[in-house]
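For reference, the structure is listed below as structure tokens.
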Amino acid sequence: MLTHHVSHKGERHHPLWLEITRIVLSLVILWKGIEFIANIHVFTDIMMNSSVPVAILMSVLVHTIIVAHIFGAIALFTGSYVRIACILQMPVILMALLFRDLAKDVLNPYAAVWVSIAILCALVLVLWRDKHDFIDRDRLRKKV
């Protein structure tokens, strides 16, 4: 009886279209993270020709992007920590949009601007909808 109640409440608060959007978004972000890893040799070449502080900064940024993509995709796919995952993905995608004219080899995973814009819009949608679901759950809890 309790499992029926919990599953019914979950179905009511998370529509199927939102779940599908979240899962597809997680797969796209994982794909982009893997593409970013595949192009890490470009960053290595740039770091070899840079000063030590710049090389360290680039290394930290590259590894942060990779970790954000991989763990963000896992969190979105499993449905845990969805809001945190969306919030952590947004700066990465915004930077990809702002620096899209940087060498095409460097930001190859983000070369298609429309992909980055679609990811950003989907992140905002999932974040906004999940936020409202959380507020609705709080209201239901206070009534009971």
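In this chain, residues are counted from 1 in sequence order. Everything numeric in this text was worked out from a predicted model, so none of it was measured.
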NE2/His41 to CE/Met48 distance, rounded to the nearest 0.5 angstrom? 13.0 Å
Leu27-Leu16 co-clustered via ILVMFWY side chain contacts under 4.5 Å: no
Would you sort out whether Ile29 and Leu123 count as a side chain to side chain contact (heavy atoms under 4.5 Å, CB included), showing the intermediate values? CA-CA 10 Å; Ile29 288 173; Leu123 284 169; 4.1 Å; yes
Among Val60, Leu61, Val67, Val62, which residue satisfies the side-chain contact (heavy atoms from CB on, under 4.5 Å) criterion with Thr64? Val60
Please table the atom pairs, donor to acceptor, closer than 3.5 Å between any side-chain atom in residues 85-95 and protein atoms at least two apart or in another chain.
{"from": "Gln89", "atom 1": "OE1", "to": "His69", "atom 2": "ND1", "distance (Å)": "2.9"}
{"from": "Gln89", "atom 1": "NE2", "to": "Ala68", "atom 2": "O", "distance (Å)": "2.3"}

Nearest-0.5 Å distance, CD1 of residue Ile37 to CD1 of residue Ile65: 11.5 Å
Does the side chain of Ile40 come within less than 4.5 Å of Ile66's, by heavy atoms? yes
Looking at residues at least two apart in the chain, or sitting in another chain, which of them share a side-chain hydrogen bond (donor to acceptor under 3.5 Å, both in side chains) with Thr78? Ser80
Give, for atom CG of Leu125 and atom CH2 of Trp17, the distance between the pair rounded to the nearest 0.5 Å. 4.5 Å
Hey, quick one: are Val24 and Val115 part of the same hydrophobic cluster, counting side-chain heavy atoms closer than 4.5 Å, chains of contacts allowed? yes
Do the side chains of Phe36 and Phe77 join up, straight or via other hydrophobic residues, at under 4.5 Å, putting them in one cluster? no
ILVMFWY cluster, Leu120 and Trp31 together (side-chain gap under 4.5 Å): yes
If you group Ile, Leu, Val, Met, Phe, Trp and Tyr by side-chain heavy-atom gaps below 4.5 Å, do Met47 and Val54 land in one group? yes
Donor-acceptor pair, distance only, cut-off 3.5 Å: does the side chain of Ser26 make one with the backbone of Ile23? yes
In Å and rounded to the nearest 0.5 Å, what is the CG to CZ distance from Leu76 to Phe71? 13.5 Å
